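In what follows, chains are A, B, ... by sequence order, proteins preceding strands, each numbered from 1. Worth saying up front: this structure is predicted, and the values here are computed from it rather than measured.
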Amino acid sequence: MSSNIQLRLPDGSVREVPAGTTGHEVAASIGKRLAQDALAVKLDGEIYDLSRPLTQSGSFGVITPRSREGELNADGLYVLRHSCAHVMAEAICRLWPEAKLVYGPPVEGGYYYDIDLPHKISAEEFAKIEAEMAKIVAEQRPFTRVELPRAEGMSKVQAEGNPYKVDNAQRAEGDVLSFYVTGARIGQDFEDLCRGPHVPHTGKIGAFKVTSVAGAYWHGDANQQQLQRVYGTAFPSQKDLDEHLKRIEESQKRDHRLLGKQLELFHIDEAVGQGLILWKPNGAVVRKELQKFIGEELAKHGYHEVFTPHIGKLDLYRTSGHFPYYSDSQYPPVVMREELSKLADEKCSCADLAHKLEAGEIDGYLLKPMNCPHHIKIYASQRRSYRELPLRLAEFGTVYRWEQSGELNGMTRVRGFTQDDAHLFCTEEQVAAELRGCLDLVKTVFRTLGMQDYRVRVGLRDPASTKYTGAPELWEKAEHACREAAKHLGAKFTEEPGEAAFYGPKIDFVVKDVIGREWQLGTVQVDYNLPQRFELSYIGSDNQAHRPVMIHRAPFGSLERFVGVLIEHFAGAFPFWLAPIQVRVANITDKQEEACRQVEAACRSAGLRVDSDLGHGKINAKVAAAEQEKIPYLLVVGEREAQSGSVAVRERGRKNLGEMKLEAFLERARAAVSARRLEGIATE
RNA sequence: GCCACCCUAGCUCAGCUGGUAGAGCAGCGGUUUUGUAAACCGCAGGUCGUGGGUUCGAGUCCCACGGGUGGCUCCA
């Protein structure tokens, strides 16, 4: 006989209902309005259809589009978008009956559906798809869950002849397979193999939009068939959708590629090469200030700066493992002329050449893909005592990697970049303390720049992969060290197998760009392998040779990517200490030209980056220009100021701060710059 | 690298179904002498990414290449 279950509601009260009661019934018993608004229910963290009979006790909540405070509910959006994916799939199947559906989950910001269809869907056809979707939504058809025993379900899927769904069914867990029918007429209405859950009916999808289409490999495998991935999004109301689209549009104005051009920060020229950054004077200022900043931090932390060349012999990278492990993502090796002509005489083919390079029969040079081998050779250039350790070698080292053309992206994914790199050589006992020091440094960097919105990822090796070098025991040790260090960080972190470097695990700081893509910035990596490959040693207090441990770390990651992310973080409005032009002087009329020149000179000798706008335009135009160029301070000099030796200070985005003596401004400016204050000269 | 789309003046963009290019801003020259987000007039500026092809005729249609955008894959 059916017993009762206890549902603990969000307000803490407990409701006892007979097992088998549906979510909808529970919602209705709480309130009519709630039952009307409900999209689904959540029981112990699992989301269920409103129509699903509930069979176990647990903490229970009704999912509605918005919270009581009026905020959109993440679970609600999840279910809504999943349902919308079904509606879109049905619309596409109506338009192109030969379409084979593959997989259509909700994702952050919307949903997609992977579809195998010979006809290539174009952006012009989105309206057509949306029109079909609108019909389905208007019909308010219920989503009906149908469960079949596994064997019966499998034969049903097989009978339909869609190999992708057969594959999905085979991968599905449990002894029943569930299908969702968009409608009540089972066997006639559109249906899809699906785990659910779904909203009660299509009418709950208040507003939707098909947003883009792209290629995607089946199972995410580049060797598999390429499918069409149609993206869309859905919201409870048109207003929500409009706000969402508006937000996207606004955030795209912060795109570093756009601002990089507008603010003359950097340029990429196809004549130079894809993914190779030309830093224009304004961008160079930002980079130099960051380098100065990190340089000061390094000095405080006992680092030694070194310089090494951009290339090295191939053998060096054979020893390190970079060449054999990553030859596909390197610029091709530089082979000497005599060697090439000799090979040409021997009728050596390109394939032969590649093979000989691989086998080590030909030497050559490689644009360095990493700085570590060079730093290792500095370490190894003399006998090391334990008294020298930890030895911390730092360099703004430029490296080159042949990234796939489709991956290149402004400054965030490039082929030549400069790492704020350092390699720490230490004893086993020093690893933990050194790791903590590195992580503190990364935190200092992020804090100084006001970047709070990052996540921490501990990248571990994927046991199934063969791309890693070194003994499992060493990996165990290194991974343990990373975990411990991450715990000390005091921030949440996730452990991700498969994200390690080929020589060791790492702790990465990951941020998002304006369109939601994640980029790895700062990184700290523990390495037991390269010291072994290069047979590094130091003499311990016992007068015996020991193997040091290496730590690779780069708080910025690369200056290119970091500056790219920073441009977006500040929307181009760099803090005072970083701004390419910190101060602009502007006159009201020609009569103050000389006074302006004097103010400009005074600013310059105070160490500020300053220019002046002495054109014949109105002050309004000069203000507008300074705002658009995102210059932190505009010093206006009119008749009054010229007389009294003062300036009218306008702070970027903040209107007029009023008149102050030039000396007072300079004093405050100097203090703000040397403290690298994010808020400029304004005092609390 | 793969799929789709895009490439017109320094920048942002217009140019319907093929009839040999247009605006705003920036620039330059004048006029205006101006008080916190854009004064006015004029001038100049493009072999329409490159190379082929179709056509009497191509910015517009087709092909190849280069570059870019979105996604996939990759990312030491």
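- Qualifying ring-ring contact (aromatic ring centres under 6.0 Å, His included) partners for A/Tyr217, counting only residues two or more places apart in sequence or in other chains: none.
- B/C74 and B/A58 are spaced 40 Å apart, taking the C1' atom of each and rounding to whole Å.
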Open item on the list: Both atom distances under 3.5 Å, Watson-Crick or G-U wobble: I'd like the secondary structure of RNA chain B as a dot-bracket string, with | for pairs made across strands.
Closed with: (((((((..((((.....[..)))).(((((.......))))).....(((((..]....))))))))))))....
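- Taking atom P in both B/G49 and B/U33, one finds a spacing of 45 Å when rounded to whole Å.
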- [ ] Can you check each nucleotide of nucleotides 30-36 of chain B against protein heavy atoms at under 4.0 Å and return B for base, S for sugar-phosphate only, - for none, in 5' to 3' order?
- [x] --BBBBB
Please tabulate the protein-to-nucleotide N/O contacts below 3.5 Å involving nucleotides 42-47 of chain B, giving atom names and distances.
none

TODO: For nucleotides 60-69 of chain B, just jot down a letter per nucleotide in 5' to 3' order: B, S or -, based on protein non-hydrogen atoms under 4.0 Å.
DONE: ------SSSS
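- Contacts classified as salt bridge (charged side-chain N to carboxylate O under 4.0 Å, His left out) and involving residues 218-233 of chain A (residues at least two apart or in different chains) are given here: A/Asp114-A/Arg229.
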Under-3.5 Å N/O pairs linking protein and nucleotides 3-6 of chain B:
residue	atom	partner	partner atom	Å
B/C3	O4'	A/Gln226	OE1	2.5
B/C3	O2	A/Gly215	N	3.3

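- Under the ring-ring contact (aromatic ring centres under 6.0 Å, His included) criterion, A/Phe425 pairs with A/Tyr379, sequence neighbours left out.
- Legend: residues meeting salt bridge (Lys or Arg N to Asp or Glu O under 4.0 Å) with A/Lys253, ordered by chain and number and at least two apart, are A/Glu250.
- Residue ring and nucleobase are not stacked for A/Phe502 and B/A76 under a centre distance beneath 5.5 angstrom and an angle between planes beneath 30°.
- Annotation: salt bridge (charged side-chain N to carboxylate O under 4.0 Å, His left out) contacts involving residues 257-281 of chain A, sequence neighbours excluded, comprise A/Asp255-A/Arg257.
- In terms of the ring-ring contact (aromatic ring centres under 6.0 Å, His included) criterion, residue partners of A/His423 (sequence neighbours excluded) are, by chain and number, A/His375, A/His552.
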Would you be so kind as to tabulate the donor-acceptor pairs closer than 3.5 Å made by side chains of residues 500-513 of chain A, with sequence neighbours excluded?
residue	atom	partner	partner atom	Å
A/Tyr503	OH	A/Gln525	OE1	2.4
A/Lys506	NZ	A/Asp508	OD2	3.2
A/Lys506	NZ	A/Gln520	OE1	3.0
A/Asp508	OD1	A/Thr523	OG1	2.6
A/Asp508	OD2	A/Arg457	NH2	3.0
A/Lys512	NZ	A/Glu108	OE2	3.3
A/Asp513	OD1	A/Ile515	N	2.9
A/Asp513	OD1	A/Gly516	N	3.0
A/Asp513	OD1	A/Arg517	N	2.9
A/Asp513	OD2	A/Arg517	NE	3.2
A/Asp513	OD2	A/Trp519	NE1	2.9

